[in-house]
Every structure is written in structure tokens, then in C-alpha cells.
Student: 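My structure is below; once you've seen it, I'll send some questions.
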Amino acid sequence: MMAEPLFQTHPVASPLDGQQLAKLCKNTLPGQNDGQLLAKIQALIPDCPVRLARTGSEWYRLGGIVDMHGKRIASDLVEWTERTFIECGKDLQTLIDHTREQQLIATRQTGNTLYFVIQTGRKAEDFIQVDIDKIREMSDRLLVSNTCPPDDLEEFIDPLSPEYVDTFGIGTARYAYRRKTDVPVFMGEINKYHPDQHPVQRFMDDWNRSSAQQKALLSDDWIVRPFRNTGRFGEQQINVEIINTQPKNLPQLEDLRGQKGVQLHNLLTRFDRQAGYPFAWFFYMLKNKWIPPQCGVAVFNDISGDFSYLPERDAAVLKDWIQSPYGV
């Protein structure tokens with residue numbers, strides 16, 4: 001009897017939806033690690049392996065409002081400020097007096113974004129990415145400083161000279177669902193708005209026809225970051241960039257002047273070995289991370305002459321890049 005493949009031949013349709021994931025996050029308390037959350041996501045889609053691909057760096061944003069005893073007054077400082085300003089007859093001094101009388105404290109949220117990957121197939125784009133924030137809320141400052149009151153509503157919300165208070169935690173840490181990206185579907189939408197091939201789509205296509213695809217999963221080393229940007233005529237456009245996830249100790253090959261032939265091949269082989277898959281140097285070069293574009297030119301010059309150390313499939317990818325360079 002033949003063993004069942006790790007992945008189905010055709011990518012599976014995602015049974016996950018945002019409401020389901022938001023509820024899961026709400027009902028799961030963070031522990032010492034995120035294993036419980038991962039297990040619950042895995043239970044939702046048992047036929048596909050799930051893993052935590054990356055924990056983002058810590059971020060900070062405005063929080064809510066509590067009183068001097070830590071009792072919650074509002075979860076959203078901006079919404080409370082704008083609403084209460086109207087209730088105060090749009091008089092800033094009345095709002096300031098009310099705030100001081102109540103001895104209110106502004107909080108801050110700090111957290112990290114967790115990037116989970118659900119692998120649905122072997123092709124570069126065959127994964128679903130789930131982004132979840134892990135949030136902690138702390139006391140930050142007096143909502144209105146006793147020594148430097150705000151001059152306008154903007155400074156009330158985010159003062160230039162805040163009067164900080166002793167830090168204490170507000171409630172417990174929590175998870176908050178941010179977004180789900182079904183990568184094949186999302187890239188299909190991206191391609192509708194980019195008449196020329198989007199660099200991230202070309203990155204994935206090059207991966208699929210290179211030797212990297214035969215040995216590794218793209219999502220083991222790379223994930224996507226959807227975002228919006230403004231077009232030439234002020235319209236909102238969806239866009240995407242590709243992010244490297246692995247904090248590997250890779251050699252930096254920034255200065256390749258004079259390197260060619262066997263010496264250059266040995267440097268790239270060492271890089272690929274430490275990255276964990278063949279032709280890794282090419283994809284890191286596209287991101288301009290550790291490998292400069294001059295490396296691709298040097299390798300092409302080698303294989304166009306007396307050396308043939310690249311497999312045919314990788315040589316074809318490199319040749320296309322030389323004819324039409326791009327980066328991500």
C-alpha cells in the first residue's frame with residue numbers, strides 16, 4: 001500500500017473564516033508560549049499542518065482609559081475622547097476639568113503579531129496565513145497632565161509632554177484576530193490590479209520552477225504582508241510584500257569583487273547549505289538581504305563561460321532575471 005502524501009494533490013479550500021478565528025482568539029488565554037493557540041487552530045483544519053512561522057517585533061499603540069484604581073472606563077481612548085468632547089459641548093476646558101476631576105489614566109497596548117502558516121500544498125503559494133496579535137495593556141500616563149494641559153484635541157489624545165504614572169497591568173494578556181490571507185486567492189486579486197506581473201507573484205513563480213521548490217516549502221522561509229497604498233490618482237490599492245522569517249546566521253556576501261568560478265560557487269553553496277535549501281542565494285538576492293544583485297550578474301557571467309555549476313532549471317530562472325531584473 002502506498003503511503004498517503006503529506007499534502008493533497010490540489011490545495012484544499014479553507015474552511016476557516018474570520019468570525020471563527022476571532023472567537024477562538026477571544027476564548028484562548030495566552031500562556032507561557034502559544035502552543036495552546038496553535039493546537040486550537042490545528043483542530044479547525046486537521047488535514048493540513050499548522051505552525052507558527054514568525055513572531056513579529058514588539059509594537060505600541062494607544063489603549064483605553066481607566067481610573068486611579070484600574071477600573072475600566074473605556075477600551076478606546078480616541079473614541080471616548082471624541083464622544084466625551086461632544087458631550088462637553090465641544091469645549092476643551094470642560095473636557096480637561098472633567099478628566100482631572102475623575103483622575104483618569106490613559107493606557108497603552110504593547111504586543112507582538114504572531115504569523116501562523118497553514119500548509120495546503122507544495123507550491124510556493126499553497127498556504128493560508130493567519131495573523132493574530134498578542135496584546136498586553138498597561139497604565140501609561142495621566143489622561144491630562146497637571147503641569148502641561150493640551151492645547152487641542154489632537155494633543156489631548158497623544159500629548160507631546162505626557163505625565164507618566166507608575167506602571168501596572170490592566171487585566172490579562174489576550175489574543176486578537178487580525179487577518180487571514182488565503183495566499184492563492186489573494187495573489188489572484190493582486191494580479192487583477194497589476195497589469196505587469198507583480199514582483200511577489202514572479203518570486204513565487206520563480207520558486208516553483210527552481211530547485212528550491214523540490215527541497216523546501218516557501219513558507220518555511222518566507223511569508224506575505226498585505227498592505228494598502230495610494231495610487232497616482234489618490235485611489236487605494238491592495239499590495240503585498242514578501243518577508244523573510246528565519247533569524248538564521250547566514251554569511252553576508254556583500255563584497256564579491258573579483259569572485260568567480262569555483263571560489264564563487266563555494267561561497268554560494270555554503271550560503272545555500274546554511275539557508276537549508278538549494279538556490280537560496282537567488283531569493284535572498286531578490287530581497288537584497290545578505291546577497292547583492294551583483295552576485296546574480298557574476299554567476300551568470302560564470303555559467304555563460306567555462307562554468308556550469310547551476311542546474312538547468314536554476315540557470316533558466318537566473319537568465320530570465322538578467323534579461324528582466326526585479327526585486328521584492
Side-chain angles (χ1 to χ4, degrees), residues 11 121-127 183-226 237-246 250-257 259-328:
R122 285 215 60 91
K123 291 175 66 177
E125 64 273 25
D126 287 347
F127 65 98
V183 176
V185 175
F186 179 73
M187 291 308 301
E189 289 298 309
I190 284 285
N191 294 331
K192 290 179 184 177
Y193 296 96
H194 292 82
D196 298 327
Q197 191 178 34
H198 192 282
V200 171
Q201 183 64 63
R202 186 172 169 188
F203 185 100
M204 292 180 174
D205 291 345
D206 282 348
W207 179 284
N208 286 333
R209 63 192 186 108
S210 76
S211 56
Q213 193 270 343
Q214 297 179 317
K215 297 292 184 181
L217 296 168
L218 179 137
S219 63
D220 280 341
D221 221 25
W222 307 90
I223 59 172
V224 296
R225 187 183 76 85
Q237 299 176 335
I238 57 170
N239 212 329
V240 63
E241 70 171 325
I242 199 154
I243 304 292
N244 183 255
T245 63
Q246 298 299 331
L250 298 175
Q252 295 193 20
L253 306 181
E254 293 179 352
D255 188 0
L256 292 170
R257 287 173 295 184
Q259 303 283 3
K260 61 181 181 179
V262 174
Q263 192 175 20
L264 178 58
H265 173 53
N266 288 340
L267 286 173
L268 299 180
T269 299
R270 178 183 167 217
F271 186 95
D272 288 351
R273 188 182 302 116
Q274 292 183 239
Y277 54 93
F279 209 41
W281 65 266
F282 176 79
F283 296 100
Y284 279 81
M285 179 191 71
L286 295 179
K287 190 65 178 174
N288 201 13
K289 187 171 183 177
W290 290 307
I291 304 284
Q294 300 92 302
C295 179
V297 176
V299 174
F300 181 75
N301 289 337
D302 268 358
I303 64 173
S304 298
D306 299 329
F307 299 94
S308 58
Y309 49 73
L310 282 187
E312 287 186 14
R313 62 176 60 238
D314 296 343
V317 171
L318 179 61
K319 182 179 179 181
D320 287 346
W321 178 81
I322 289 290
Q323 292 176 345
S324 178
Y326 76 102
V328 293

Student: Where does the angle between the aromatic ring planes of Phe203 and Trp207 fall among parallel (under 30°), tilted (30 to 60°) and perpendicular (over 60°)?
Tutor: parallel
Student: In sequence, state the C-alpha distance, the side-chain angles, and the governing distance for Val224 and Glu241, and then conclude on side chain to side chain contact (heavy atoms under 4.5 Å, CB included).
Tutor: CA-CA 6 Å; Val224 296; Glu241 70 171 325; over 6 Å; no
Student: Ignoring hydrogens, what is the shortest heavy-atom contact between Ile238 and Ile190? Give both atom names and the distance.
Tutor: O-CD1, 3.6 Å
Student: Using only atom types and a distance under 3.5 Å, with no angle test, would you say the side chain of Asn208 pairs donor to acceptor with the backbone of Lys123?
Tutor: no
Student: Using modelled atom types only, decide if a donor and an acceptor are shared between the side chain of Gln213 and the backbone of Ala124 within a distance under 3.5 Å.
Tutor: no
Student: Dump the intermediate steps for side chain to side chain contact (heavy atoms under 4.5 Å, CB included) on Val299 and Tyr309, then the final yes or no.
Tutor: CA-CA 9 Å; Val299 174; Tyr309 49 73; 3.8 Å; yes
Student: Salt bridge check, Lys287 against Asp221: does any charged N sit closer than 4.0 Å to a carboxylate O?
Tutor: no
Student: Which is it for Ile223 and Arg225 under the side chain to side chain contact (heavy atoms under 4.5 Å, CB included) test, yes or no, and what are the steps along the way?
Tutor: CA-CA 7 Å; Ile223 59 172; Arg225 187 183 76 85; over 6 Å; no
Student: Determine yes or no for a side-chain-to-main-chain donor-acceptor pair under 3.5 angstrom, with Asp272 supplying the side chain and Trp281 the backbone.
Tutor: yes
Student: So if I apply the side-chain hydrogen bond (donor to acceptor under 3.5 Å, both in side chains) rule between Asp205 and each of Arg202, Gln201, Arg209, which one comes out positive?
Tutor: Gln201
Student: Using a strict 4.0 Å threshold on nitrogen-to-oxygen distance, state whether Lys319 and Glu312 make a salt bridge.
Tutor: no
Student: Where do Pro293 and Trp321 come nearest, in terms of heavy atoms and distance?
Tutor: O-CH2, 3.5 Å
Student: Aromatic ring centroids of Trp222 and Tyr284 under 6.0 Å?
Tutor: yes
Student: Could you walk me through whether Met204 and Val183 pass side chain to side chain contact (heavy atoms under 4.5 Å, CB included), step by step?
Tutor: CA-CA 11 Å; Met204 292 180 174; Val183 176; 3.8 Å; yes
Student: Taking atom types as modelled, find out whether Tyr326 and Asp206 have a side-chain donor-acceptor pair closer than 3.5 angstrom.
Tutor: yes
Student: Do you know the tightest heavy-atom contact between Ala315 and Ile303?
Tutor: CB-CD1, 3.9 Å
Student: Do any N or O atoms from the side chain of Asp314 and from the backbone of Ser210 form a donor-acceptor pair under 3.5 angstrom?
Tutor: no
Student: Would you check if there is a donor-acceptor pair between the side chains of Arg270 and Gln274 at a distance under 3.5 Å?
Tutor: yes
